[in-house]
Amino acid sequence: MSFPLLTATAALPAIGAVATAAVPAARRTAAKWLALLVSLATLALAITVLVRFDPDGARYQLTESHAWIADFGVRYELGVDGIAVALLALTALLIPFVILAGWHDADPLETGSRRWRPTQGFFALILAVEAMVVISFEATDVFLFYIFFEAMLIPMYFLIGGFGDRAHEHGEEAASTQRSYAAVKFLLYNLVGGLIMLAAVIGLYVVAGNFSLQEIAQARANGSLHMATNTERWLFLGFFFAFAVKAPLWPLHTWLPNAMQEATAPVAVLITAVVDKVGTFAMLRFCLQLFPEASKWATPVILVLALISIVYGALLAVGQRDIKRLVAYASISHFGFIIMGIFAMTTQGQSGATLYMVNHGISTAALMLVAGFLISRRGSRLIADYGGVQKVAPMLAGTFLIGGLATLSLPGLAPFVSEFLVLVGTFTRYPAIGIIATFGIVLAALYTLVLYQRTMTGPVKPEVSAMPDLRARELVVVAPLIVLLIFLGVFPKPVTDIVNPAVKQTMSDVHKTDPKPSVEAAK
């Protein structure tokens with residue numbers, strides 16, 4: 001039997017989470033180093049998966065399949081295509097930076113505080129989230145996917161509610177109340193989505209007789225499994241609703257600004273750069289592959305919702321006074337682009353959407369982590385409390401600027417390529433949607449540049465006059481992300497070569513081809 005590489009990639013952070021939680025209370029530093037080493041070892045396994053994956057090979061590779069709950073047709077089935085490999089690598093890459101950035105976020109509070117922050121628990125929960133996200137990307141059994149899709153809510157709930165941001169203008173008691181509210185709202189929204197999906201999962205089993213993604217998709221392709229039109233549409237809506245909550249898509253997005261505002265900056269990165277990607281990934285893997293006709297039926301409405309997310313999220317970002325809420329609304333806008341690319345039903349759109357998932361993860365991590373370093377120095381999330389930071393902390397301001405420019409998709413930085421592909425892919429089939437979506441780019445430039453101007457330029461405020469620049473640990477966190485943004489901005493081929501074959505197979509699942517040019521090329 002070959003080495004179960006995919007199982008090992010998910011099991012290692014799970015085992016590391018248990019081991020980190022078991023470290024004695026007095027050995028906080030040891031717990032941090034253990035979590036970091038486990039995350040680096042997981043990254044090594046993810047790189048091995050990336051190296052062993054052949055983009056021109058079988059659709060699902062490194063597969064594992066074992067009987068699990070035989071009476072109900074549930075199997076432990078894993079496999080990765082190009083889209084899953086790219087997102088698996090992104091997750092494994094970001095977790096070490098999340099741990100390093102949050103190195104002191106769970107240290108005990110000052111003497112006399114009413115709250116104790118168990119350091120071991122904080123880092124154990126981060127590793128637990130990583131394990132569940134990884135296996136969600138790998139699962140090809142629908143029931144197995146559902147279990148971990150829902151289970152990741154538990155550690156995220158405790159990370160938001162138990163380890164919130166220390167910068168709060170209304171004191172510790174108000175901060176605790178706000179954290180609890182944000183955590184409960186996050187949990188309730190996603191639980192409702194998950195319960196609706198559970199009904200759809202049961203319905204799928206009744207229709208198909210098993211939970212195997214590959215078997216169901218193959219049966220649908222060769223005509224041996226037929227779903228009534230209404231049945232397929234209801235099942236699609238059950239799956240899509242849960243994924244739209246997780247993504248998040250307007251109007252199911254309202255939990256995200258609260259969660260990102262109250263969470264620590266590393267946990268905010270975990271939410272929007274890692275966990276939320278499971279929602280958009282699942283739209284590609286499950287909605288389009290299992291319910292191709294229903295996906296095409298729902299496309300016009302979904303594109304309108306995605307367009308609203310783009311413009312609405314960007315408009316609200318422009319008016320924010322809180323740095324972290326601004327990044328949250330910007331992410332809602334960006335997820336609108338991703339979902340628009342998926343349901344544009346073109347090769348360029350879906351390739352751009354997948355590339356956007358990777359690039360958004362890197363750019364949001366860079367911007368949010370630098371913002372977290374900034375907030376921890378000043379003790380405030382309010383934009384108005386800053387000014388002139390670039391004069392006292394030039395490296396902090398410079399990295400903040402690059403992260404911001406990546407957020408507005410400046411040419412030469414990674415998100416530009418993916419956003420361009422999404423817009424081109426959408427315009428070729430839905431020109432009106434593509435044209436209106438470009439307003440999101442204009443608004444992104446507005447909220448990003450205004451944020452930088454108000455926080456980094458102008459006279460130096462007395463409260464930031466003694467602000468230290470980035471420290472060595474913080475540079476180790478930010479510098480690789482900046483390098484990746486530039487590298488993938490000028491040379492995205494390593495990612496596109498991996499995801500394009502999987503995108504073509506997804507297009508084949510929904511029986512779609514790219515529209516022909518409406519104007520013949522000049523001879």
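This one's a predicted model, so the numbers in the text were calculated from it and none came from an experiment.
Between the side chain of Ser309 and the backbone N or O of Trp250, at least one donor-acceptor pair lies under 3.5 Å. Side-chain atoms of Ser65 never come within 3.5 Å of backbone atoms of Glu77 as a donor-acceptor pair (strictly under, hydrogens ignored). Counting only distance, with no hydrogens or angles, the side chain of Tyr189 and the backbone of His253 share no donor-acceptor pair below 3.5 Å. Not a single donor-acceptor pair under 3.5 Å links the side chain of Arg59 to the backbone N or O of Asp81. Formation of a donor-acceptor pair under 3.5 Å by the Trp255 side chain with backbone atoms of Val245 is found in this model. Checking side-chain atoms of Glu64 against main-chain N and O of Leu6 turns up a donor-acceptor pair under 3.5 Å. In this structure, Lys246 contributes its side chain and Lys277 its backbone to no donor-acceptor pair below 3.5 Å. Arg285 places a side-chain N or O within 3.5 Å of a backbone atom of Ala139 that can act as its donor or acceptor partner. Judged by distance alone, with hydrogens and angles left aside, the side-chain atoms of Gln289 form no donor-acceptor pair with the main-chain N or O of Ala217 at under 3.5 Å. A donor-acceptor contact shorter than 3.5 Å is absent between the side chain of Gln61 and the backbone of Phe53.
Contact annotation: the side chain of Phe281 never approaches that of Ser136 to less than 4.5 Å [non-hydrogen atoms, C-beta and beyond]. Between Leu36 and Pro96 the shortest side-chain heavy-atom distance falls below 4.5 Å. In this structure, the side chains of Leu127 and Ile99 come closer than 4.5 Å at one or more pairs of heavy atoms. Within the 4.5 Å cutoff, no side-chain heavy atoms of His360 are placed close to those of Phe337. Looking at Leu100 and Glu474, their side chains never come closer than 4.5 Å, going by heavy atoms from C-beta outward. For the pair Phe335/Thr272, a side-chain contact is recorded, criterion being any heavy-atom separation below 4.5 Å from C-beta on. The closest side-chain heavy-atom distance from Leu213 to Asp141 is not below 4.5 Å. The side-chain heavy atoms of Met357 and Leu90, taken from C-beta on, include no pair separated by under 4.5 Å.
In this structure, Ala330 and Ala317 approach most closely via the heavy-atom pair N-CB, 4.1 Å. The minimum heavy-atom distance linking Leu475 with Pro480 is given by the pair O-CD, 4.0 Å. Minimum interatomic distance between Thr280 and Ile342 (heavy atoms only, all atoms of both residues): O-CD1, 3.6 Å. Taking every heavy atom of both residues into account, Ile160 and Ala259 meet most closely at CD1-CB, 3.9 Å. The two residues Ile332 and Pro248 come nearest to each other via the heavy atoms CG1-CG, 4.4 Å.
For the residue pair Glu130 / Ser39, no side-chain donor-acceptor distance below 3.5 Å is found, with atom types taken as modelled. A donor-acceptor contact under 3.5 angstrom links the side chains of Thr7 and Tyr76, judged on distance only. Side-chain polar atoms of Thr506 and Gln350 form no donor-acceptor pair below 3.5 angstrom.
In this structure, OH on Tyr356 lies 14.0 Å from CZ on Phe420, to the nearest 0.5 angstrom.
Exactly one residue among Phe149, Phe148, Phe211 makes a ring pair (Phe, Tyr, Trp, His ring centres under 6.0 Å) with Phe143. That residue is Phe211. Test Val80, Leu88, Leu45, Ile498 against Leu50 for side chain to side chain contact (heavy atoms under 4.5 Å, CB included) and you get one pass: Ile498.
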- request: Begin from the C-alpha positions of Leu191 and Glu150 and carry the test side chain to side chain contact (heavy atoms under 4.5 Å, CB included) through to its verdict.
  value: CA-CA 7 Å; Leu191 276 178; Glu150 286 294 279; 3.7 Å; yes
task: Kindly determine whether Ile271 and Asp276 satisfy side chain to side chain contact (heavy atoms under 4.5 Å, CB included), including the steps that lead there.
output: CA-CA 6 Å; Ile271 295 170; Asp276 288 354; 4.0 Å; yes
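Taking the six-membered ring for Trp and the full ring otherwise, the centers of Phe186 and Tyr157 sit at least 6.0 Å from each other.
Taking the six-membered ring where the residue is Trp, Phe239 and Phe243 present perpendicular rings, their angle passing 60° and hence far from 30°. Using the six-membered ring where Trp is involved, Phe145 and Phe286 have ring planes that are tilted, between 30° and 60° apart. Aromatic ring orientation, Phe236 versus Phe343: perpendicular (interplanar angle above 60°, classes split at 30° and 60°).
Heavy-atom neighbours of Arg27 CZ from other residues, nucleotides or ligands within 6.0 Å: at or below the threshold of 12. Counting non-hydrogen atoms of neighbouring residues, nucleotides and ligands closer than 6.0 angstrom, the OH atom of Tyr205 exceeds 12 such neighbours. Counted within 6.0 Å of CH2 on Trp33, heavy atoms from surrounding residues, nucleotides or ligands total 12 or fewer; the atom is thus considered open. More than 12 heavy-atom neighbours from other residues, nucleotides or ligands sit within 6.0 angstrom of CH2 on Trp68.
For Lys32, the salt bridge (Lys or Arg N to Asp or Glu O under 4.0 Å) partners at least two apart in sequence or on another chain are Asp107. Scanning for side-chain contact (heavy atoms from CB on, under 4.5 Å) contacts around Val499 gives Ala86, Thr354, Val495, with sequence neighbours left out.
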